[in-house]
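Following: one structure in structure tokens, then a few remarks.
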Amino acid sequence: MVGGYMGKLLWVNLSTGEIKVEQPDENLYRDFIGGYGIGARILYDRQKGGVDPLGPDNILGLITGPLTGTPAIGGTRYGVVAKSPLTLGWGDANSGGHFGPKLKFAGYDGVFFTGIADKPVYLLLDNGKAELKDASHIWGRDTYQTEDTLRAEYGSATEVACIGPAGEKLSLVACIITRHGDAAARSGLGAVMGSKKLKAVVARGDQKVPIADIKVADRLRKEHMEYLKVGMMGGMNKYGTSGHGDISALSGDTPIKNWGGIGVIDVPDVSGLHRDKMIANLERRTGCWQCPSACKGILKAGIEYPYPAGNQRVEYETIGAFGALCKNTNAESIAMASHLCNSYGMDTISAGSIIAFTMELYEHGIINKNDTDGIDLTWGNPDALVAMTEKLVKREGIGDILADGVKIAAEKIGKGAEEYAVHAGGQELAMHDPKLKGHPDQFPRHPTATVYKMDATPGRHTAGFGPDGFVRHLNNSMGTCLFVFMAPIAKDPKLRCPFAASMMSAVTGWDRSYDELLKAGERIATMRHVFTLREGINPIERFVHNRILGRPPQKEGPLAGVSCDVEAETWWNLGALDWDRVTAKPSRKKLLELGINDVAEEFWPPQPPPRFGPA
Ligand code: SF4
């Protein structure tokens with residue numbers, strides 16, 4: 001086996017209890033790299049289109065990349081894949097932390113689950129051995145209790161990926177949590193895990209990831225360190241992504257007031273979102289496995305709100321969603337809402353977006369205090385925000401209607417609620433307003449409305465669409481952190497990361513150029529996309545709320561007059577990808593060029609030869 005991979009994928013049939021080890025062909029690793037790349041190839045092969053996302057035939061995979069658990073800086077991540085119950089198309093999510101490396105040290109590149117257990121179980125991966133165990137003692141427990149219980153049982157060097165009550169209750173915005181707050185959050189994959197009655201995956205072990213040339217890999221790590229010192233370690237390791245919540249609220253980056261507001265008008269005083277407020281209650285800095293940036297933090301017990309000690313410091317996306325999106329500038333209430341989501345296992349981006357949606361319904365009288373059980377859900381009210389988040393994560397009262405995301409909630413509530421349900425293809429959006437693209441203050445490579453609309457997991461900003469997205473698919477599949485491993489691309493107009501090809505070669509032993517790796521990124525993008533097409537979803541026709549697009553444009557503020565020409569950008573990218581501009585179907589030529597001949601045959605079945613002469 002080449003370096004970087006453990007060479008084993010585990011298959012667990014939860015209906016029968018059968019556990020099998022598979023040693024994949026090297027071509028799977030070479031062509032699809034790892035993470036959601038391998039996940040997309042496998043799910044497309046082994047799962048039929050149209051399966052019930054919460055049924056036994058939906059395959060759930062947790063998969064690392066070749067650089068996870070290696071000297072590559074930021075090689076910390078694992079991906080989760082399944083058909084999304086939220087968007088009904090391709091679903092993936094990924095997370096840093098410590099679980100990904102530990103999954104490899106336990107002996108596996110990834111684990112796939114089929115079927116549904118007849119009672120709650122967890123999977124124990126123990127240094128090359130795997131066993132399903134009874135989870136009845138932790139079913140119903142929150143993610144902190146679950147992790148602490150299992151770690152007490154198996155030792156402090158154990159890592160646990162688990163769901164909380166939100167996943168057990170099949171909330172379609174439920175997520176998978178490790179270390180009290182590292183979340184594989186998007187696409188509702190916590191609900192898939194809950195539907196399988198799979199409470200947790202527990203990993204322990206000390207197996208070594210094979211490295212083809214450790215000397216070169218170590219040298220590259222040192223060179224990368226030097227690069228980062230000059231580039232970004234300063235603010236990043238002190239504040240992480242929490243450093244710009246206030247700036248983003250005013251610049252037009254953070255969406256305001258359920259995407260309908262303007263920061264400088266609706267939240268002119270953003271002092272409560274200042275970065276020092278976000279670390280005011282910090283107990284200590286922390287980070288993902290062996291990352292020199294250590295950009296995360298652990299909080300002391302809350303003062304104004306009763307979150308416990310050990311809660312992870314909030315990141316930008318959570319600050320945006322529970323902050324300016326709800327007109328809220330109370331930092332402690334954001335930490336409390338984040339704690340509720342982390343402990344119950346719910347995506348903070350979706351949860352904050354749901355609260356903002358509900359506040360707007362309350363403003364317009366579509367719901368009232370009778371519906372909220374007396375909560376005065378006015379904009380920016382931090383106590384109301386926390387109280388409603390508690391109802392949401394517990395599925396209590398109106399929280400039961402809200403817990404499947406704004407699209408489904410609006411359909412159930414009716415009375416015009418759909419007008420305020422801001423989503424793309426069923427998923428709430430990340431906290432970067434695409435209208436800022438083109439603005440002089442824009443961050444490098446600010447996400448575009450086209451990415452939100454067209455990516456296989458809509459509403460995301462960490463993947464991408466079109467040729468600019470290939471590098472992101474490569475990164476996500478290698479198992480590396482966009483912040484540190486791919487940081488160099490932010491400075492390079494050609495989006496070339498100087499460490500990707502060299503580190504991949506040093507780790508795997510395959511001598512591949514950057515362009516070859518980008519081709520793998522394109523193959524992965526295509527594989528995710530054809531999975532969604534096979535589900536009957538054409539992303540060109542996907543709903544994206546007009547507020548996201550600036551239709552009509554805002555009249556004041558930094559985004560005044562800006563509308564996103566999503567059609568033109570989509571049209572251009574479809575051409576660059578060689579995908580049909582009406583059906584979004586990749587051309588046969590492109591599919592063959594990418595070497596996914598089976599997909600070419602399926603999408604372009606051989607036609608009977610033309611007939612000549614009279615019929
Ligand atoms: S930069 Fe932050 S998020 Fe990325 S690997 Fe390091 S600690 Fe984790």
Side-chain angles (χ1 to χ4, degrees), residues 34-35 64-80 93-104 159 161 175-186 209 217 220-222 224-245 275 278-279 282-299 311-320 338 342 348-349 430-431 443-444 460-463 471-472 474-491 497 499-500 503 507:
T64 61
L67 300 189
T68 308
T70 72
I73 289 181
T76 62
R77 300 187 79 84
Y78 75 103
V80 186
N94 70 70
S95 173
H98 295 70
F99 180 80
K102 188 61 80 174
L103 182 52
K104 284 175 89 168
E159 297 298 332
C175 67
I176 299 164
I177 295 280
T178 62
R179 290 256 177 148
H180 293 205
D182 292 326
R186 309 250 59 201
V209 180
L220 288 167
R221 183 179 175 91
K222 282 193 194 117
H224 196 164
M225 276 290 296
E226 291 306 311
Y227 185 96
L228 289 172
K229 275 186 206 158
V230 179
M232 61 178 291
M233 295 283 270
M236 188 71 184
N237 55 14
K238 185 168 181 190
Y239 298 102
T241 61
S242 76
H244 58 87
R275 58 188 186 172
M278 299 302 159
I279 61 167
L282 198 70
E283 186 213 301
R284 64 189 156 88
R285 273 182 48 212
T286 183
C288 303
W289 179 81
Q290 293 204 358
C291 177
S293 175
C295 77
K296 301 179 175 200
I298 300 291
L299 297 178
N311 189 23
Q312 286 211 24
R313 174 183 51 62
V314 290
E315 298 295 345
Y316 168 73
E317 294 290 333
T318 307
I319 296 167
S338 172
N342 289 341
T348 57
I349 294 174
M431 291 296 111
F443 294 121
R460 297 277 295 282
H461 70 303
T462 53
V471 69
R472 289 175 178 263
L474 172 65
N475 173 70
N476 295 341
S477 299
M478 290 189 302
T480 41
C481 171
L482 203 56
F483 298 142
V484 278
F485 194 78
M486 301 307 270
I489 66 172
K491 295 182 179 171
C497 171
F499 298 101
M503 188 57 96
V507 168

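Atoms within each ligand, like the ligands themselves, are counted from 1 in listed order.
In this structure, the side chain of Arg472 engages the main chain of His461 through a donor-acceptor pair within 3.5 Å. Listed for the Tyr316 side chain is a donor-acceptor partner under 3.5 Å among the backbone atoms of Met431.
In terms of the side-chain contact (heavy atoms from CB on, under 4.5 Å) criterion, residue partners of Thr68 (sequence neighbours excluded) are, by chain and number, Thr64, Pro101, Lys104. Listed by chain and residue number, Thr480, Leu482, Phe485, Met486 satisfy the side-chain contact (heavy atoms from CB on, under 4.5 Å) test with Asn475 (two or more places apart in sequence, or in another chain).
Side chains of Gln290 and His98: no donor on one and acceptor on the other come within 3.5 Å.
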Side-chain donor-acceptor pairs under 3.5 Å in residues 175-183, sequence neighbours left out?
from, atom 1, to, atom 2, distance (Å)
Arg179, NE, Glu159, OE1, 3.1
Arg179, NE, Glu159, OE2, 3.4
Arg179, NH2, Glu159, OE2, 2.6
His180, NE2, Asp148, OD1, 3.0
Asp182, OD1, Lys296, NZ, 2.6
Asp182, OD1, Gln312, NE2, 3.2

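For atom 2 (Fe) of ligand 1, protein N/O/S neighbours under 2.8 Å (waters excluded) are Cys295 SG.
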